[in-house]
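A quick write-up on the structure given underneath.
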Amino acid sequence: MPPAPRYWLMKSEPDECSIDDALAAPDATVAWTGVRNYQARNFMRDAMRVGDGVLFYHSSCAEPGIVGIARVASGTRADPTQFDAASPYFDATSRLDDPRWLLLDVQAVRKTRVLGLPELRAVPALADMVVLRKGNRLSVMPVEAAHWALIVGELLA
DNA sequence: GCCAACGTTGGC
DNA sequence: GCCAACGTTGGC
């Protein structure tokens, strides 16, 4: 069995939680609410471990791209927004005694320059990154160690 | 605002 | 279990 991925990319809409918001939070740590996709949830539940590296990505904004480095700071627990009827993430079919949606804590490590999509696409060694795949809609996805090394060690160094 | 791509739902 | 319709994501 291949080793579990140790690096991830997590998308956040900056209007909701930007890298600045995360850095300003107590302990620079935020609860990653709002994941409503089974594949993304399963990555969090089954594969992500405390200490794993995270590329903090801004989506649905003027300049989408990687904007910071973070780390996984907890295991998963129920996402309370699924039970909040006032939340856009409310899920009327999820049960308190069997929560469908999970979250984990993410701790921001540092803000970086914006490493935007056009720049990422221009690097041949990054061509098969999940985030660059056409039609990709995952909000939590694995990052290969070599891609992490190139991005964190060189492009954002 | 547009629209391609994708995941989910639900009828059959 | 199939698959068309629908809703959502997210870049542009």
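Letters A, B, ... mirror the listed sequences (proteins, then strands); counts begin at 1. On a predicted model such as this, the values are computed, not experimentally measured, just so you know.
A:Glu63 has its CD atom 17 Å from the P atom of C:dG10, to the nearest Å. Atoms NZ (A:Lys134) and C1' (C:dC12) sit 13 Å apart, rounded to a whole Å. C:dG10 atom P lies 11 Å from atom CD of A:Glu16, rounded to whole Å. In this structure, A:Leu117 atom CG and C:dG11 atom P are separated by 6 Å, rounded to whole Å. For A:Asn136 and C:dC12, the CG to P distance is 12 Å, given to the nearest whole Å. As a whole-Å value, the separation of A:Arg100 CZ from B:dG7 C1' is 14 Å. For A:Asp15 and C:dT9, the CG to P distance is 14 Å, given to the nearest whole Å. Summarising the geometry, the separation between OH on A:Tyr38 and P on B:dG7 is reported as 13 Å, rounded to the nearest angstrom.
Counting any heavy atom pair closer than 4.0 Å across all strands shown, A:Leu138 reaches sugar-phosphate atoms only and no base atom.
Checking the phosphate oxygens (OP1, OP2) of C:dG10, a side-chain nitrogen or oxygen of A:Lys11 falls inside 4.0 Å. Close to C:dT8, at under 4.0 Å from its OP1 or OP2, lies no side-chain N or O of A:Tyr89.
Comparing B:dA4, B:dG7, C:dG10 by their nearest atom to the side chain of A:Ser59 picks out C:dG10. Of the listed nucleotides (B:dG7, B:dA5, C:dC12), C:dC12 has the atom at the smallest distance from the side chain of A:Arg121. Residue A:Gln39 has its side chain nearest to B:dG7 when only B:dA5, C:dG11, B:dG7 are considered.
Among the candidates A:Asp97, A:Asp91, A:Asp98, the single residue satisfying the salt bridge (charged side-chain N to carboxylate O under 4.0 Å, His left out) test with A:Arg95 is A:Asp97. Across A:Tyr89, A:Tyr38, A:Trp32, A:Phe83, a single residue satisfies ring pair (Phe, Tyr, Trp, His ring centres under 6.0 Å) together with A:Trp101, and that is A:Tyr38.
A:Trp148 and A:Tyr7 have parallel rings, their planes meeting at less than 30° on a 0 to 90° scale where 60° marks the start of perpendicular.
Checking A:Asp20 against A:Ser18 by side-chain atom types alone, no donor-acceptor pair falls below 3.5 Å. Side-chain contact check for A:Glu13 and A:Ser59: no donor-acceptor pair (N or O, by modelled atom type) lies under 3.5 Å.
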